[in-house]
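For reference, the structure discussed in these notes is given below.
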Amino acid sequence: MTVGQARAWERHWSTLGREVNALPPGPVDFTGWFGRPAPVLLEIGSGMGETTAQLAKAAPELNYVAVEVYPPGLAQLMMRAETMGIENLRLLRGDAVVLLEEHVEPGSLHAVRIFYPDPWPKKKHHKRRLVDREFVALLATRLAPGGRVHLATDWENYAEQMLDVLTAEPLLANVYAGEPGGWAPRPSWRPLTKFESRAEVEGRISRDLIFERR
């Protein structure tokens with residue numbers, strides 16, 4: 001971490017953050033942690049937090065939870081939250097699959113966002129990709145009826161994999177099934193990420209997918 005990130009960690013982690021592998025057994029009490037009842041949105045893979053901070057700031061009515069494995073990224077996000085006066089954000093460090101399996105109640109999430117997950121572009125590494133059939137089946141059970149999962153990627157074959165596994169999940173329905181290819185229009189509210197900017201420069205097309213729990 002940088003000096004600033006380390007200071008942010010010291011100031012805020014005890015209040016804003018928790019380690020997934022240190023959570024007590026059972027579901028996280030998000031109402032108690034946030035100090036209010038509100039719909040819970042989970043963002044998986046917040047990176048350095050620039051997009052996450054903007055999205056949390058824009059939705060004060062949500063209890064916004066970000067899970068990430070990279071400590072400097074979480075520290076940077078806490079710095080952004082402090083600067084922007086964001087109060088509806090909590091952070092978890094660790095494995096999102098463990099979090100969903102062991103610490104999130106079925107039917108409890110208002111929404112899940114996964115923007116630009118690691119594409120593992122080499123074919124021999126595709127098995128490491130987060131979004132596969134088993135993960136989507138787990139994720140679908142944690143969404144409340146009407147809850148949405150929103151994915152975005154700039155890697156064409158990963159986008160197609162995402163579309164295939166989401167479409168195959170019986171608990172989910174494509175909100176934009178009537179659009180060409182089933183892709184969602186790029187939402188105007190989603191900030192332009194560094195990954196998306198780089199993709200445009202390198203000639204890759206970003207694709208969004210939005211599915212809803214039946």
Side-chain donor or acceptor of [X] paired with backbone N/O of [Y] under 3.5 Å:
| X | Y | answer |
| --- | --- | --- |
| His126 | Pro121 | yes |
| Arg128 | Trp120 | no |
| Trp155 | Ser206 | no |
| Glu202 | Arg204 | no |

Show the nearest heavy-atom pair for residues [X] and [Y], with the distance to one decimal.
| X | Y | result |
| --- | --- | --- |
| Ala8 | Ala75 | CB-O, 3.8 Å |
| Ala66 | Leu77 | CB-CD2, 4.2 Å |
| Tyr158 | Thr153 | CD2-OG1, 4.1 Å |
| Pro191 | Arg186 | O-NH2, 3.3 Å |

Going hydrophobic residue to hydrophobic residue with side-chain gaps under 4.5 angstrom, can you get from [X] over to [Y]?
| X | Y | value |
| --- | --- | --- |
| Trp183 | Ile114 | yes |
| Val112 | Leu99 | yes |
| Val67 | Leu74 | no |
| Leu100 | Met162 | yes |
| Val131 | Ile205 | no |

Heavy atoms, side chains only, cut-off 4.5 Å: are [X] and [Y] in contact?
| X | Y | value |
| --- | --- | --- |
| Arg148 | Arg113 | no |
| Val149 | Ile210 | no |
| Leu16 | Leu89 | no |
| Thr193 | Ser197 | no |

Per-pair distances, 0.1 Å, donor-acceptor, side chain in residues 38-62, under 3.5 Å, sequence neighbours excluded:
from, atom 1, to, atom 2, distance (Å)
Glu43, OE1, Thr52, OG1, 3.2
Glu43, OE1, Tyr64, OH, 2.6
Glu43, OE2, Thr52, OG1, 2.7
Gln54, NE2, Glu50, O, 3.4
Lys57, NZ, Met84, O, 2.8

Can you list the residues that meet the side chain to side chain contact (heavy atoms under 4.5 Å, CB included) rule with [X], with sequence neighbours excluded?
| X | value |
| --- | --- |
| Val97 | Asp95, Glu101, Leu130, Phe135, Leu138 |
| Thr167 | Leu163, Phe211 |
| Glu87 | none |

Separation of [Y] [atom2] from [X] [atom1] (nearest 0.5 Å):
| X | Y | atom1 | atom2 | result |
| --- | --- | --- | --- | --- |
| Leu91 | His12 | CG | NE2 | 10.5 Å |
| His103 | Glu105 | NE2 | CD | 12.5 Å |
| Glu10 | Met1 | CD | CE | 9.5 Å |

**Request:** Look at Arg213 together with Glu169 and state whether they make a salt bridge at an N to O cut-off of under 4.0 Å.
**Result:** no
**Prompt:** Salt bridge check: are Arg207 and Glu160 linked by an N-O gap of less than 4.0 Å?
**Reply:**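 Judged by the 4.0 Å cut-off on N to carboxylate O distance, Arg207 and Glu160 do not form a salt bridge.
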**Request:** Could I get the full list of salt bridge (Lys or Arg N to Asp or Glu O under 4.0 Å) partners for Arg11, not counting sequence neighbours?
**Result:** Glu82
**Asked** In this structure, are over 12 heavy atoms from other groups packed under 6.0 Å from Lys127 atom NZ?
**Response**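 Correct, the count exceeds 12.
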**Item:** Asp164 and Arg133: CA distance, side-chain angles, deciding distance, side chain to side chain contact (heavy atoms under 4.5 Å, CB included) verdict
**Value:** CA-CA 9 Å; Asp164 287 346; Arg133 189 180 298 270; over 6 Å; no
**Message:** Going by the rule ring pair (Phe, Tyr, Trp, His ring centres under 6.0 Å), which residues pair with Trp13 if we only count those two or more places apart in sequence or in a different chain?
**Reply:**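 With neighbours one apart ignored, the set is Trp9.
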Side chain to side chain donor-acceptor pair (under 3.5 Å) involving [X] - partner list, sequence neighbours excluded:
| X | value |
| --- | --- |
| His150 | Asp208 |
| Arg36 | Asn63 |
| Asn157 | Arg129 |

**Message:** Which Ile, Leu, Val, Met, Phe, Trp or Tyr residues join Met79 in one cluster when any pair of side-chain heavy atoms under 4.5 Å counts as a link?
**Reply:**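 Besides Met79, the cluster holds no residue at all.
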Distance-only donor-acceptor pairs under 3.5 Å for side chains of residues 172-180, two or more places apart:
from, atom 1, to, atom 2, distance (Å)
Asn174, OD1, Tyr176, N, 2.9
Asn174, ND2, Gly182, O, 3.0

With a cut-off of 3.5 Å and sequence neighbours excluded, list every side-chain donor-acceptor pair involving residues 23-31.
from, atom 1, to, atom 2, distance (Å)
Asp29, OD1, Thr31, N, 3.4
Asp29, OD1, Gly32, N, 3.0

